[in-house]
Amino acid sequence: MAKTYMIGNWKMNQTLAEVESFFANLSLENNQNNFWISPQTLHVQKCITLGASTGILIGSQNCSDQDYGAYTGEVSTESLIEMGGHFSLVGHSERRAYYQESDEFINKKIKKSIEKGLVPVLCIGETLEQREAGDTFSIVLSQLKNGLINIKLNNEAELIVAYEPVWAIGTGKTASPEQAAEVHDKIREKLREIFGELGEDISILYGGSVKPSNVATLLAQKNINGGLVGGASLKSESFAELCAACSL
Ligand code: 13P
């Protein structure tokens with residue numbers, strides 16, 4: 001069965017004082033190593049130290065497709081692992097849109113992450129224009145397929161997929177549970193096609209204006225195995241509520 005995760009994506013937010021206050025006020029129950037946070041890279045080390053007592057696992061919002069060398073500004077998968085990082089988001093729609101990340105590049109980052117033992121969270125999702133043109137399934141499934149070309153897994157814990165419709169990110173417009181569920185069902189079908197039985201157990205998270213008030217109905221859908229949350233993950237009380245919904 002696919003495990004349920006709650007992942008906070010802090011994007012380029014939080015001062016050091018806010019990070020400290022977040023962890024000082026955080027109280028979590030029933031943590032099964034499934035509550036994760038990706039702060040901005042400069043705060044990764046601090047969060048690993050502060051998060052240790054709550055059992056929160058920390059990752060980055062991006063990683064390099066290369067081992068090491070002259071790649072100014074990149075995040076090394078090896079260094080991230082070395083300092084205790086657990087995962088990296090890969091192909092977030094903001095990186096696809098603002099930094100022109102292609103499926104091919106994203107595929108290389110997924111390969112590198114898995115090779116080094118970092119869990120990639122592959123983010124996919126359509127824009128409003130694409131949805132209105134009736135292209136949601138074809139866009140999402142091609143991002144999925146292309147991102148996973150030649151990816152081999154030993155077990156389901158090595159990869160997470162996050163469906164984030166671009167029109168729902170930071171807009172307050174959440175996909176309805178039915179809208180999200182029909183895309184998640186298609187993603188599940190494709191994962192089964194690519195990975196066989198293992199595809200049944202890979203977690204598929206939903207992201208896009210998830211908050212404490214809508215998380216339970218989203219998580220009630222068969223193939224929604226957790227959330228990837230921006231705004232509502234920034235405050236400890238709200239993040240704790242989202243995590244609590246995972247055990248319902
Ligand atoms: P919001 O939860 O703020 O809509 O952001 C979603 C997101 O992009 C998480 O990666």
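Proximity of Val90 to Val121: side-chain heavy atoms (C-beta onward) are nowhere separated by under 4.5 Å. When side chains are defined from C-beta on, Trp10 counts as touching Val19, because their heavy atoms get closer than 4.5 Å. Between Lys46 and Leu16, the closest side-chain pair of non-hydrogen atoms falls below 4.5 Å. Annotation: side chain of Arg188 is in contact with side chain of Ile204 (closest heavy-atom distance under 4.5 Å). No side-chain heavy atom of Ile58 sits under 4.5 Å from any side-chain heavy atom of Ser38. Between Tyr68 and Ser76, every side-chain heavy-atom pair lies at or beyond the 4.5 Å cut-off. Looking at heavy atoms from C-beta onward, Val140 lies in side-chain contact with Ile187 at the 4.5 angstrom threshold. Residues Asn31 and Cys243 are not in side-chain contact: their nearest non-hydrogen atoms beyond the backbone lie 4.5 Å or more apart.
The two residues Leu218 and Ala180 have their closest heavy-atom pair at CD2-CB, 4.3 Å. Of all heavy-atom pairs between Gly85 and Leu118, the closest is O-CD1, 4.0 Å. Summarising the geometry of Gly125 relative to Ile139, their closest heavy-atom pair is O-CG2, 4.3 Å, with the distance given to 0.1 Å. The two residues Gly84 and Ile48 come nearest to each other via the heavy atoms C-CD1, 3.6 Å. Looking at every heavy atom in both residues, Ile224 comes nearest to Ala181 through CD1-N, 4.3 Å. The heavy-atom pair separating Ile202 from Leu153 by the smallest distance is CD1-CD1, 3.7 Å.
With sequence neighbours excluded, no residue satisfies ring-ring contact (aromatic ring centres under 6.0 Å, His included) with Phe195. Residues meeting the ring-ring contact (aromatic ring centres under 6.0 Å, His included) test with Phe35, sequence neighbours left out: none. With sequence neighbours excluded, the residues satisfying salt bridge (Lys or Arg N to Asp or Glu O under 4.0 Å) with Glu101 are Arg95, Lys109.
A donor-acceptor contact closer than 3.5 angstrom links the side chains of Ser60 and Ser88. For the residue pair Thr174 and Asn214, a side-chain donor N or O sits within less than 3.5 Å of a side-chain acceptor on the partner. Looking at Glu126 and Trp167, their side chains do bring a donor and an acceptor atom within 3.5 Å of each other. Under the 3.5 Å distance criterion, with hydrogens and angles disregarded, a donor-acceptor pair is assigned to the side chains of Gln32 and Asn30.
Atom CD of Gln130 has more than 12 heavy atoms from other residues, nucleotides or ligands within 6.0 Å. Shown here is Phe137, whose CZ atom has more than 12 heavy atoms of other residues, nucleotides or ligands within 6.0 Å. Around atom CD of Glu104, no more than 12 heavy atoms belonging to other residues, nucleotides or ligands sit under 6.0 Å away.
Atom CG of Leu57 and atom CD1 of Ile37 lie 10.0 Å apart (nearest 0.5 Å). Note that CZ of Phe105 and OH of Tyr99 are 13.0 Å apart. Values are rounded to the nearest 0.5 Å. Distance CD1/Ile149 to NZ/Lys108: 12.0 Å, rounded to 0.5 Å. If you take CE on Met6 and CG on Asn225, they are separated by 11.0 Å, rounding to the nearest 0.5 Å. Rounded to the nearest 0.5 angstrom, Ser27 OG and Glu237 CD are separated by 10.0 Å. Here the CG-CD distance, from Asn62 to Glu74, works out to 6.0 Å after rounding to the nearest 0.5 Å.
Distance alone, capped at 3.5 Å, is enough to place a donor-acceptor pair between the Tyr206 side chain and the Gly208 backbone. Using a distance-only test at 3.5 Å, with no hydrogens or angles considered, no donor-acceptor pair links the side chain of Asn146 to the main chain of Gln143. Under a 3.5 Å cut-off, the side chain of Glu164 and the backbone N or O of Ser93 do not form any donor-acceptor pair. With Asn34 contributing its side chain and Thr4 its backbone, the two residues share a donor-acceptor pair below 3.5 Å. Within the 3.5 Å criterion, the main-chain N or O of Thr15 finds a donor-acceptor partner in the side chain of Glu18. Counting only distance, with no hydrogens or angles, the side chain of His184 and the backbone of Asn223 share a donor-acceptor pair below 3.5 Å. With Gln179 contributing its side chain and Ser176 its backbone, the two residues share a donor-acceptor pair below 3.5 Å. The backbone N or O of Gly8 sits nowhere less than 3.5 Å from a side-chain atom of Ser233 that would complete a donor-acceptor pair. With Ser238 contributing its side chain and Ala232 its backbone, the two residues share a donor-acceptor pair below 3.5 Å. Put simply, the side chain of Glu156 never gets that close to the backbone of Gly199: no donor and acceptor are under 3.5 Å apart.
With respect to Asp65 and Lys111, no salt bridge is recorded, no charged nitrogen being found less than 4.0 Å from a carboxylate O. Using a 4.0 Å cut-off between a side-chain N of Lys or Arg and a carboxylate O of Asp or Glu, Glu189 and Arg192 do not qualify as a salt bridge.
Val75 and Ile81 fall into different hydrophobic clusters, where Ile, Leu, Val, Met, Phe, Trp and Tyr side chains are chained together by heavy-atom contacts under 4.5 Å. Under the 4.5 Å side-chain heavy-atom criterion for Ile, Leu, Val, Met, Phe, Trp and Tyr, Ile160 and Leu80 are members of distinct hydrophobic clusters. Transitive grouping of hydrophobic side chains (ILVMFWY, heavy atoms separated by less than 4.5 Å) keeps Val166 and Tyr163 in distinct clusters. The cluster map of Ile, Leu, Val, Met, Phe, Trp and Tyr, joined by side-chain heavy atoms under 4.5 Å apart, puts Val210 and Leu26 in the same cluster. Cluster membership for Leu205 and Ile124, using ILVMFWY side-chain heavy atoms within less than 4.5 angstrom, is not shared.
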Could you give me the CA-CA distance, side-chain angles and deciding distance for Glu94 and Ile169, then say whether side chain to side chain contact (heavy atoms under 4.5 Å, CB included) is met? CA-CA 10 Å; Glu94 287 149 19; Ile169 294 179; 3.6 Å; yes
Met83 and Val44: side chain to side chain contact (heavy atoms under 4.5 Å, CB included), yes or no, with the steps? CA-CA 9 Å; Met83 65 171 64; Val44 161; 3.9 Å; yes
Stepwise, does the side chain to side chain contact (heavy atoms under 4.5 Å, CB included) test hold for Phe22 with Leu50? CA-CA 9 Å; Phe22 178 94; Leu50 294 175; over 6 Å; no
I would like to know whether Asp201 and Lys3 meet salt bridge (Lys or Arg N to Asp or Glu O under 4.0 Å); could you show each step before the answer? CA-CA 7 Å; Asp201 295 331; Lys3 186 167 170 171; over 6 Å; no
Could you check Asp103 against Lys145 for salt bridge (Lys or Arg N to Asp or Glu O under 4.0 Å), going step by step and ending with a plain yes or no? CA-CA 9 Å; Asp103 282 342; Lys145 189 173 110 254; over 6 Å; no
Intermediate values then yes/no, side chain to side chain contact (heavy atoms under 4.5 Å, CB included), Lys211 and Glu241: CA-CA 9 Å; Lys211 37 192 183 264; Glu241 278 184 62; over 6 Å; no
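The residue from Leu159, Ile110, Leu122 that alone fulfils the side-chain contact (heavy atoms from CB on, under 4.5 Å) condition with Ile151 is Ile110.
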